[in-house]
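Because the structure is predicted, anything quoted here is derived from the model rather than measured. FYI, the numbering just counts along the sequence from 1.
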Amino acid sequence: MKTLVLYCKSWRQDVLRARRLAESVSRHNGEQLEFHISAPTVDHAHFREHLAGVPHVLHADEDILAANPRLDRAQVAAMPGYVSQQVVKSEFWRLGLAEHYVCLDSDSYFIRDFGLRDFVAGDGTPYTVMHEDKDFFQYLINIGKQKFVAHAQEEARRLGEHLPGVETRYRFGPTPVIWSRHVWEALDERKFRPAGMSFADAIARFASELHWYGGALLAYKPIPLLPREPLFRLYGYVEEYWRAHRLGETDETLKAQYLGVTRQSSWDRADDFEPVKRIRRAARTALKYCFGRW
């Protein structure tokens, strides 16, 4: 079993983003850490076509889910995609490929060279993305998006309900995050199995895999806690991206602090797989920038 691998859960609409991510991994992965991608079996033809020649290992989401015999795959199939993907990502450890894995999203890409020590300390302990995110919350308040701050506060409250006694002030994202199989195992053995639950049941009740992981780490302490600030620069909103761009922020300037960039696909639709949607949404984003207020 390897110490650490890279992993991205993707799907058909994100195949062009996944290619960009895979190309950035290949370009900056000097230590040749394995890069794994999973997608529904029905989408594999698209991934084989668009990622041809770029190093990666392709898995079926269905095989990851099947690695847990206690999981009801029909239950997962009935979930909305943004929820079911959390189950797949959180069950990847069951394939037994590595002790730890860097969980990436398709809308991310690396901007500088990286290696094992960016994710794991010298004694083999993985770092944990963990912080209070005050600057980002203040930014949301400044641009009138207080509802998202309220949503984050509600997530924290619900974490406390499901894992009583755990400190809830911390955020455990954004992705990419470094996850250890030992934390997921502890959560399964100490929380889910005694209650007759699976991770799908847990996500159905509280759809935040980042909080489940972070809460389990704080509650059960299966690994030492080594906090790290976010690994990638996240542009969660188009306003945030263009504001930073106007101030001179570029991939080149970000290299001093970050390993990569995430332009969230909820607003950056230029790399949607379907061409018509891709063109229309990219045009709307450009118009919003030209006539918006930042």
Do [X] and [Y] have side chains that approach each other closer than 4.5 Å (heavy atoms only, starting at C-beta)?
{"X": "Ser84", "Y": "Val76", "answer": "yes"}
{"X": "Phe114", "Y": "Asn29", "answer": "yes"}
{"X": "Leu231", "Y": "Ile178", "answer": "yes"}
{"X": "Leu97", "Y": "Glu34", "answer": "no"}
{"X": "Phe119", "Y": "Arg228", "answer": "no"}

Group every Ile, Leu, Val, Met, Phe, Trp and Tyr by side-chain heavy-atom contacts under 4.5 Å, then state whether [X] and [Y] land in the same group.
{"X": "Leu58", "Y": "Val5", "result": "yes"}
{"X": "Val120", "Y": "Val102", "result": "yes"}
{"X": "Phe148", "Y": "Ile143", "result": "yes"}
{"X": "Leu234", "Y": "Met130", "result": "no"}
{"X": "Tyr82", "Y": "Leu104", "result": "yes"}

**Message:** Please evaluate residues Trp179 and Leu210 with respect to the criterion side-chain contact (heavy atoms from CB on, under 4.5 Å), reporting the C-alpha separation (whole Å), side-chain torsions for both, the decisive distance (0.1 Å), and the verdict.
**Reply:** CA-CA 10 Å; Trp179 281 344; Leu210 299 175; 3.8 Å; yes

Rounded to the nearest 0.5 Å, what separates atom [atom1] in [X] from atom [atom2] in [Y]?
{"X": "Asn68", "Y": "Glu91", "atom1": "CG", "atom2": "CD", "answer": "4.5 Å"}
{"X": "Lys145", "Y": "Phe136", "atom1": "NZ", "atom2": "CZ", "answer": "9.5 Å"}
{"X": "Phe35", "Y": "Leu33", "atom1": "CZ", "atom2": "CG", "answer": "11.5 Å"}
{"X": "Phe137", "Y": "Gln146", "atom1": "CZ", "atom2": "CD", "answer": "13.0 Å"}
{"X": "Gln86", "Y": "Ser208", "atom1": "CD", "atom2": "OG", "answer": "6.5 Å"}
{"X": "Ile37", "Y": "His44", "atom1": "CD1", "atom2": "NE2", "answer": "9.5 Å"}

When you look at [atom1] of [X], are more than 12 heavy atoms from neighbouring residues, nucleotides or ligands closer to it than 6.0 Å?
{"X": "Lys255", "atom1": "NZ", "result": "yes"}
{"X": "Gln257", "atom1": "CD", "result": "no"}
{"X": "Asp123", "atom1": "CG", "result": "yes"}

If I compare all heavy atoms of [X] with all of [Y], which pair ends up nearest, and what's the gap?
{"X": "Asp118", "Y": "Asp113", "result": "OD2-O, 4.4 Å"}
{"X": "Leu21", "Y": "Asp105", "result": "CD2-O, 3.7 Å"}
{"X": "Gly173", "Y": "Pro230", "result": "O-CG, 4.2 Å"}
{"X": "Ser10", "Y": "Phe47", "result": "OG-CZ, 3.5 Å"}
{"X": "Gly96", "Y": "Arg181", "result": "CA-NH1, 3.8 Å"}
{"X": "Ser38", "Y": "Lys9", "result": "OG-CD, 3.5 Å"}

I'd like a table of donor-acceptor pairs (distance under 3.5 Å, sequence neighbours excluded) in which one partner is a side-chain atom from residues 189-197, with atom names and distances.
| from | atom 1 | to | atom 2 | distance (Å) |
| --- | --- | --- | --- | --- |
| Lys191 | NZ | His162 | O | 2.7 |
| Arg193 | NE | Asp188 | OD2 | 3.4 |

**Request:** Evaluate ring-ring contact (aromatic ring centres under 6.0 Å, His included) for His59 paired with His36, printing each intermediate quantity in order.
**Result:** CA-CA 7 Å; His59 302 270; His36 297 257; 5.0 Å; yes

For [Y], is there any backbone N or O sitting under 3.5 Å from a side-chain donor or acceptor partner on [X]?
{"X": "Ser24", "Y": "Phe110", "value": "yes"}
{"X": "Tyr213", "Y": "Ser180", "value": "yes"}
{"X": "Glu62", "Y": "Thr41", "value": "yes"}
{"X": "Arg233", "Y": "Val261", "value": "no"}
{"X": "Asp14", "Y": "Arg17", "value": "no"}
{"X": "Ser198", "Y": "Ala200", "value": "yes"}
{"X": "Glu167", "Y": "Arg169", "value": "yes"}
{"X": "Asp107", "Y": "Thr262", "value": "no"}
{"X": "His211", "Y": "Phe206", "value": "no"}
{"X": "Glu249", "Y": "Arg246", "value": "no"}

**Residue pair Phe232, Leu259: steps toward the side-chain contact (heavy atoms from CB on, under 4.5 Å) verdict** = CA-CA 6 Å; Phe232 280 28; Leu259 293 176; 3.7 Å; yes

**Request:** Scan for salt bridge (Lys or Arg N to Asp or Glu O under 4.0 Å) pairs involving residues 148-158, sequence neighbours excluded, and state none if there are none.
**Result:**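 Residue pairs passing salt bridge (Lys or Arg N to Asp or Glu O under 4.0 Å), neighbours aside: Glu154-Arg157, Glu155-Arg171, Arg157-Glu161.
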
**Prompt:** Does any donor atom in the side chain of Asp201 or Gln75 lie under 3.5 Å from an acceptor atom in the other side chain?
**Reply:**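 A pair is found: one side chain offers a donor N or O, the other an acceptor, under 3.5 Å apart.
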
**Any side-chain donor near an acceptor of the partner, Lys89 and Gln85, under 3.5 Å** =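 Distance-only check passes for Lys89 and Gln85.
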
**Asked** Does the pair Glu239/Arg243 count as a salt bridge with the N-to-O cut at 4.0 Å?
**Response**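 A salt bridge is absent here (no side-chain N lies under 4.0 Å from a carboxylate O).
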
**Message:** Going by ring pair (Phe, Tyr, Trp, His ring centres under 6.0 Å), Trp184 matches just one of Phe92, Phe199, Tyr101. Which one?
**Reply:**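 Filter result, single survivor: Phe199.
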
**Item:** Test log, rule side-chain contact (heavy atoms from CB on, under 4.5 Å), inputs Val15 and Arg19
**Value:** CA-CA 6 Å; Val15 67; Arg19 181 182 66 191; 5.9 Å; no

**Request:** Show your reasoning for whether side-chain hydrogen bond (donor to acceptor under 3.5 Å, both in side chains) applies to Asp133 and Tyr170.
**Result:** CA-CA 8 Å; Asp133 224 4; Tyr170 299 109; over 6 Å; no

**Request:** May I have the step-by-step check of side-chain contact (heavy atoms from CB on, under 4.5 Å) for Glu99 and Met1, ending in yes or no?
**Result:** CA-CA 7 Å; Glu99 295 289 329; Met1 185 180 296; 3.2 Å; yes

**Request:** Measure up the His50 and His46 rings against each other and bin them: parallel (under 30°), tilted (30 to 60°), perpendicular (over 60°).
**Result:**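 It falls in the parallel class, under 30°.
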
**Asked** Would Tyr139 and Tyr237 satisfy ring-ring contact (aromatic ring centres under 6.0 Å, His included), going step by step from the backbone distance to the final call?
**Response** CA-CA 11 Å; Tyr139 171 75; Tyr237 301 91; 7.3 Å; no

Indicate every side-chain donor-acceptor pair of residues 216-226 with a distance under 3.5 Å to a residue at least two apart or in another chain.
| from | atom 1 | to | atom 2 | distance (Å) |
| --- | --- | --- | --- | --- |
| Lys221 | NZ | Leu218 | O | 2.9 |

